[in-house]
Structure formats: C-alpha cells, structure tokens
Amino acid sequence: QVQVVDTGGGLVQAGGSLRLSCAVSGRTSTFSNYAMGWFRRAPGKEREFVGAIRGGSVRSTYYADSVKGRFTISRDNVKSTLYLQMNNLKPEDTAVYYCAASDRNADSILETFYPYWGQGTQVTVSS
C-alpha cells in the first residue's frame, strides 16, 4: 500500500511564495518511477489539475496554464518526496492542494490516472 501525505500550506499575501511537500511511503523502492501530480480545489469549484512530473530518467514536467511560469514541481527520489514551489501567488490560487501518485509512468492531467492521494493542505492567499 502507498501512503501520501501533503504538507506546507498556509496563509500568504498576494505576491508571496509557499512550498508544498508530499511525502510518499509504502512501496517507496519504486517511487522514482511514479508519475506524481498536484491538484487543487478552490471554494465552490471542482478539483482541477495544477501540474505533474514524470518518473524515471525523464522527469518532464507540465502545468496548467493558470500556474505556468509561477509554479515549479520537483522531486527528491532519495527522500521519496515531491515538491510544489509556488511563487507570485494570487488570491485565485486559494484552494486545498492535493498531491497524487501513480505507479504508471505516463503523462496525465486526469484524476482517475492517480490512485493514491494525500489528504490535502490548505493554501490561502490574501489580497
């Protein structure tokens, strides 16, 4: 079984930065091959894709247009941890952020691709 725990949320002013972390435990010997994603759910809205990173040697990243150029995803395979660096935050970035993991190493923006999810961490950006 794979466990996912996402942390690092908080309250920040517009223009500020936060870094979210996502620790994966369980079958961590294969973490390096997992595709990992970040999603978010804003108040009153459905959960949406934020960005993702491939596993293996490629580690390519891709992002939603709304965060491109401001958010950066990275991973530390030794620590079995995923990160989401968020810069120049805007009030519309306010949401609960979720980390998700898949043992299928492919590109996907779909929630159904990722069977393992964190509990979510709240990010609030004040204007």
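- Across every non-hydrogen atom of L82 and S74, the tightest pair is CD1-O, 3.3 Å.
- The shortest heavy-atom contact between N77 and R59 is ND2-NH2, 3.1 Å.
- In this structure, the side chain of S32 does not engage the main chain of G56 through any donor-acceptor pair within 3.5 Å.
- Across A52 and I73, no two heavy atoms sit closer than the pair N-CD1, 3.2 Å.
- Cluster annotation: L18 is connected to V67 through the hydrophobic network of ILVMFWY side chains, with a link wherever side-chain heavy atoms come within less than 4.5 Å.
- The shortest distance between side-chain heavy atoms of C22 and W38 falls below 4.5 Å.
- Of the inter-residue distances, the one linking N33 atom CG with S57 atom OG reads 9.0 Å to the nearest 0.5 angstrom.
- Remark: side-chain polar atoms of Y62 are paired, donor with acceptor, to backbone N or O of S108 under 3.5 angstrom.
- Both V12 and L84 are assigned to one and the same hydrophobic cluster, defined by single-linkage of ILVMFWY side chains at heavy-atom distances under 4.5 Å.
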* Stepwise, does the side chain to side chain contact (heavy atoms under 4.5 Å, CB included) test hold for V123 with M86? -> CA-CA 10 Å; V123 172; M86 305 184 294; 3.9 Å; yes
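- Residues Y114 and G37 approach most closely at CE2-N, 3.8 Å, considering heavy atoms.
- For R47 and E111, the salt-bridge test passes: some basic side-chain N is under 4.0 Å from an acidic carboxylate O.
- The aromatic rings of F71 and Y97 sit tilted, their planes meeting at an angle between 30° and 60°.
- The backbone N or O of K79 sits less than 3.5 Å from a side-chain atom of T81, completing a donor-acceptor pair.
- Side-chain contact between R75 and F31 is present, with at least one heavy-atom pair separated by less than 4.5 Å.
- Note that OG1 of T61 is 10.0 Å distant from NZ of K68, once rounded to the nearest 0.5 Å.
- Within the 3.5 Å criterion, the main-chain N or O of N88 finds a donor-acceptor partner in the side chain of R70.
- What you find for A95 and Q122 is that their closest heavy atoms are O-NE2, 3.5 Å.
- Contact detail for A101 and P115: the closest heavy-atom pair is O-CD, 3.1 Å.
- Taking the side chain as every heavy atom from C-beta outward, Q119 and V4 never approach each other to under 4.5 Å.
- Side-chain heavy atoms closer than 4.5 Å link hydrophobic residues (I, L, V, M, F, W, Y) into clusters, and following such links, possibly through other members, connects L20 to V125.
- Cluster annotation: Y83 is not connected to Y116 through the hydrophobic network of ILVMFWY side chains, with a link wherever side-chain heavy atoms come within less than 4.5 Å.
- Linking Ile, Leu, Val, Met, Phe, Trp and Tyr residues whenever their side-chain heavy atoms come within less than 4.5 Å leaves V50 and F113 in two separate clusters.
- With respect to R40 and E48, a salt bridge is recorded, a charged nitrogen being found less than 4.0 Å from a carboxylate O.
- Using a 30° and 60° split on the angle between ring planes, F39 and W117 fall in the tilted class, from 30° to 60°.
- Proximity of a side-chain donor or acceptor of D6 to a complementary backbone N or O of G120 within less than 3.5 Å is detected.
- S60 places no side-chain N or O within donor-acceptor distance of the main-chain N or O of R54, the cut-off being under 3.5 Å.
- The existence of a salt bridge linking D93 and K90 is excluded, since no basic side-chain nitrogen approaches an acidic carboxylate oxygen closer than 4.0 Å.
- Sorted by first and then second residue, the side chain to side chain donor-acceptor pair (under 3.5 Å) pairs involving residues 7-22 (not counting sequence neighbours) are S17-N87.
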